[in-house]
Amino acid sequence: MSPNRAFARLLPVTCGLLLACPLHARAQQTAEISLMEMAQSLLEKHPLIRYQQAQTEIDRGLKLQASGAFDTVFSANVAQSSTYTPLTTALQEEYSLIGATGDSEVTDLSQAGFGVSRLFRSGISLNETAVLDRDIDNLLNPLGVNTANTNLQITVPLLRGRGRAVGAAAENAAATEVRASEFDLTNQISTLLTTGALDYWNLVADTRLLAIAQEAQARAQTDLENTQTLVNADRLPRENLNEVNATLARSASDSVAAEQNLLAARNQLAADIGLDEHAIADTSLVPSDDFPAIDSAEEPALAADTLQRYVRQALANRSDVLALNIRIEEQRILVVAAKNRLLPQLNIVANGGYNGLTEGKSGLDYLDATVHNVNGPNVSGGLTYNFAPKNETSRGAYAQALATQMQLEAQSAQLAHTISAAVSTAAQGVRHAAMEVNRTQSAVAFFRRSLEGQRDKYHLGMASVVDVLTVEDRLTNAMTAGVQAQLAYASALTQLRFATGTIVAPGKTTVTLQSDTFRTLPPSAPSTPTP
């Protein structure tokens with residue numbers, strides 16, 4: 001048997017075994033999945049969404065901590081002490097003159113204190129205290145003396161720390177960061193949904209490309225069988241088998257590569273939707289949705305004025321833009337507070353209160369001291385001043401806050417440029433991919449007709465096997481280009497949706513996707529910005 005004949009017989013068997021050999025030792029369970037099912041599973045299971053949700057809760061906790069500085073604080077204390085002080089003989093004799101006896105002075109001291117303090121967001125602080133004392137001893141105050149002292153202190157800053165913009169700066173900045181974090185969550189969701197949609201379209205494309213590769217291999221197998229028949233009938237030279245065998249070997253190799261690409265696409269989508277490592281290995285995802293249909297109205301819809309409206313829409317709606325703008329606002333709050341700390345500390349401090357006194361050992365006597373024998377208010381006031389000539393700590397903090405604001409503003413400008421380019425690129429990508437899909441569909445139809453003609457001529461001896469194989473290669477390339485054009489179209493639609501911020505409404509943590517979100521152009525933006 002000649003080497004060519006032996007190779008011709010063994011190659012189909014070898015290729016069949018190669019394709020029949022599973023890539024996994026374990027059988028996989030096939031599971032169909034739609035685009036909306038992919039999105040829903042991703043929203044429910046993706047760990048990065050839970051991570052960002054936790055970050056939002058962290059920021060809310062930090063905001064509560066900042067607000068805690070303005071909480072009303074109540075305080076109370078109670079103390080009781082007994083003191084025994086031995087007396088000298090002279091003191092015993094002296095105290096005996098007033099009727100007091102004993103070799104020691106025994107003092108019982110009771111004290112209760114109450115306080116209320118509050119820092120207001122304007123910078124003013126209040127501190128109110130009430131102290132009750134009872135002093136009983138066996139020598140001078142055997143009946144007990146009850147005193148009460150109440151005092152209210154008001155501190156008003158005149159320079160540093162004055163005003164809500166300064167006093168509540170930390171709280172306002174923390175509240176602003178919560179808002180920015182919510183937009184971060186929306187942006188994370190949009191990013192992950194975009195990635196998931198792109199991976200879904202890749203899976204659709206790889207499924208189609210594997211079918212094309214298998215169709216090309218089937219054609220090559222048919223060509224081999226037909227050529228072998230013609231060679232056996234001495235209608236064609238045996239050398240024609242070399243070209244056909246080479247084509248079959250190449251198509252078998254392309255099928256294996258396409259199957260590997262499909263496996264990688266399935267695993268990537270499985271990871272996107274949150275399947276664990278066991279489910280990824282055991283599940284073979286099959287897309288139930290096809291590429292989006294081409295909208296014939298897309299070319300005029302992507303005119304220059306429409307692109308400009310898309311850019312304005314993106315800058316107004318994208319969550320990453322809004323989050324960055326909010327952080328610029330937050331930094332401006334901190335800059336104002338940091339600048340205020342450059343000022344001296346000059347405060348007015350005013351105090352007002354009264355003292356009361358009663359005698360007696362009963363509990364009622366103890367409390368009556370707050371209202372009995374009150375002789376006019378106690379009033380005091382003054383100024384306190386504190387200033388560090390260099391004040392390098394505050395100067396450094398102000399310089400840092402101002403530079404951070406400049407960084408954020410520069411980042412915002414760069415993001416605007418990036419978004420404008422992304423919108424234009426994605427929009428033009430939609431347009432060009434749509435035109436390419438139409439071209440490739442026409443090319444496939446023409447190559448199929450051409451292949452039928454070449455095969456008829458081949459059987460009549462009017463064309464060579466090379467002519468047939470050449471047209472088959474062109475048909476396969478045209479079909480592959482058609483799938484790639486459809487993938488480019490679906491991907492450009494998805495990227496345009498993300499670029500314009502029309503996948504998830506900004507700031508919405510509860511996501512409801514429309515079925516046509518990744519299949520149609522974004523809603524037409526208004527010609528003028530909405531006030």
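Model, not experiment: these values are computed from the prediction.
Enclosure of atom OH in Tyr51 is not indicated, since only 12 or fewer non-hydrogen atoms of other residues, nucleotides or ligands lie within 6.0 angstrom. The 12-atom threshold is exceeded at CD of Glu57, counting heavy atoms of other residues, nucleotides or ligands nearer than 6.0 Å. Shown here is Tyr84, whose OH atom has no more than 12 heavy atoms of other residues, nucleotides or ligands within 6.0 Å.
Between the side chain of Asn141 and the backbone N or O of Gly144, no donor-acceptor pair lies under 3.5 Å. Judged by distance alone, the side chain of Lys63 and the main-chain N or O of Asn172 form no donor-acceptor pair under 3.5 Å. In terms of modelled atom types and a separation under 3.5 Å, the side chain of Ser288 and the main chain of Glu32 share no donor-acceptor contact. Looking only at distances, a side-chain donor or acceptor of Asn391 sits under 3.5 Å from a matching main-chain atom of Arg341. Without hydrogens or angle criteria, Gln331 side chain to Ala401 main chain gives a donor-acceptor distance under 3.5 Å. Arg160 contributes no side-chain N or O that, together with a main-chain N or O of Asn340, makes up a donor-acceptor pair within less than 3.5 Å. Listed for the Ser41 side chain is no donor-acceptor partner under 3.5 Å among the backbone atoms of Glu37. At least one donor-acceptor pair closer than 3.5 Å links the side chain of Tyr354 to the backbone N or O of Thr370. Of the possible donor and acceptor atoms, none in the side chain of Tyr310 sits under 3.5 Å from a partner among the backbone N and O of Ala499. Between the side chain of Thr517 and the main chain of Gln514, a donor-acceptor pair closer than 3.5 Å is present.
In this structure, Tyr489 OH and Gln486 CD are separated by 10.5 Å, a value rounded to the nearest 0.5 Å. Considering CG of Asp135 and CD of Gln111, their distance stands at 11.0 Å, rounded to 0.5 Å. Taking CZ of Phe518 as the reference point, atom CG of Leu493 lies at 10.5 Å (rounded to 0.5 Å). Summarising the geometry, atom CD1 belonging to Ile328 is positioned 11.0 Å from atom CD belonging to Glu330; distances are rounded to the nearest 0.5 Å. Taken from CG in Leu521 to OG1 in Thr306, the straight-line distance is 9.5 Å, to the nearest 0.5 Å. Taking CG of Asn149 as the start and OG1 of Thr129 as the end, the distance is 6.5 Å to the nearest 0.5 Å.
Nearest heavy-atom pair across Pro292 and Ala490 is CD-CB, 3.6 Å. The two residues Ser420 and Val311 make their nearest non-hydrogen contact at OG-CG1, 3.4 Å. When every heavy atom of Val106 is checked against every heavy atom of Asn138, the shortest pair comes out as N-OD1, 2.8 Å. Closest of all the heavy-atom pairs between Leu203 and Thr207 is O-OG1, 2.8 Å. Here the closest non-hydrogen pair linking Gly507 and Ser319 is N-OG, 4.1 Å. Considering every non-hydrogen atom in both Ile503 and Ser190, the closest pair reads CD1-O, 4.2 Å.
Within the structure, every pair that satisfies the salt bridge (charged side-chain N to carboxylate O under 4.0 Å, His left out) test and touches residues 175-198, not counting sequence neighbours, is listed here: Arg60-Glu182, Glu177-Arg327, Arg179-Glu329, Asp184-Arg327.
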| said: Does Asn347 form a side-chain hydrogen bond (donor to acceptor under 3.5 Å, both in side chains) with Gln345? I'd like the steps, not just the answer. | reply: CA-CA 6 Å; Asn347 297 339; Gln345 185 78 55; 3.0 Å; yes
| request: Determine, step by step, whether Val116 and Thr72 satisfy the side-chain contact (heavy atoms from CB on, under 4.5 Å) criterion, reporting the C-alpha distance in whole Å, the side-chain angles of both residues, the deciding distance to 0.1 Å, and the verdict. | output: CA-CA 7 Å; Val116 180; Thr72 300; 3.7 Å; yes
| Residues Val374, Asn355; criterion side-chain contact (heavy atoms from CB on, under 4.5 Å); working and verdict | CA-CA 6 Å; Val374 176; Asn355 295 331; over 6 Å; no
| request: Could you walk me through whether Glu105 and Thr107 pass side-chain contact (heavy atoms from CB on, under 4.5 Å), step by step? | output: CA-CA 6 Å; Glu105 181 181 10; Thr107 303; 3.9 Å; yes
| message | If you apply the rule side-chain contact (heavy atoms from CB on, under 4.5 Å), what do you find for His372 with Asn146, and how did you get there? | response | CA-CA 10 Å; His372 286 174; Asn146 304 286; over 6 Å; no
| message | Show, in sequence, the C-alpha distance, side-chain angles and deciding distance for Arg266 and Asp206, and conclude whether the salt bridge (charged side-chain N to carboxylate O under 4.0 Å, His left out) test is met. | response | CA-CA 9 Å; Arg266 284 171 172 166; Asp206 286 330; over 6 Å; no
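Between the side chains of Gln405 and Glu409, at least one donor N or O lies within less than 3.5 Å of an accepting N or O. No hydrogens or angles considered: nothing links the side chains of Thr358 and Asp368 as a donor-acceptor pair under 3.5 Å. Judged by distance alone, the side chains of Thr500 and Arg318 never bring a donor and an acceptor atom under 3.5 Å apart. For the residue pair Gln40 and Glu44, a side-chain donor N or O sits within less than 3.5 Å of a side-chain acceptor on the partner.
By the 4.5 Å heavy-atom criterion applied to side chains, Gln80 and Leu109 are not counted as neighbours. Two residues are said to be in side-chain contact when any heavy atoms from C-beta on lie closer than 4.5 Å; Tyr200 and Asp289 meet this criterion. Using a 4.5 Å cut-off on side-chain heavy atoms (C-beta onward), Thr194 and Arg497 make no contact. A 4.5 Å side-chain heavy-atom check between Met38 and Asp199 finds every atom pair outside the cut-off. Within the 4.5 Å cutoff, the side chain of Asp320 has heavy atoms near those of the Leu415 side chain. Looking only at side-chain heavy atoms (C-beta outward), Asn351 and Asn378 stay at 4.5 Å or farther from each other. Residues Ile49 and Leu43 have side chains in contact (heavy-atom distance under 4.5 Å, counting atoms from C-beta outward). With contacts defined as side-chain heavy-atom distances shorter than 4.5 Å, the pair Gln414/Gln411 does not qualify.
The side chain to side chain donor-acceptor pair (under 3.5 Å) test applied to Thr56 returns Ser181, not counting sequence neighbours.
Using a 4.0 Å cut-off between charged nitrogen and carboxylate oxygen, Asp365 and Arg134 do not count as a salt-bridge pair.
Remark: Arg118 is not positioned above the aromatic ring of Phe74, lacking an NZ or CZ atom under 6.0 angstrom from the ring centre and at most 45 degrees off the axis.
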Can I get a per-line list of side-chain donor-acceptor pairs under 3.5 Å for residues 119-127, giving both atom names and the distance, sequence neighbours left out?
{"from": "Arg121", "atom 1": "NE", "to": "Glu171", "atom 2": "OE1", "distance (Å)": "2.6"}
{"from": "Arg121", "atom 1": "NH2", "to": "Glu171", "atom 2": "OE2", "distance (Å)": "2.8"}

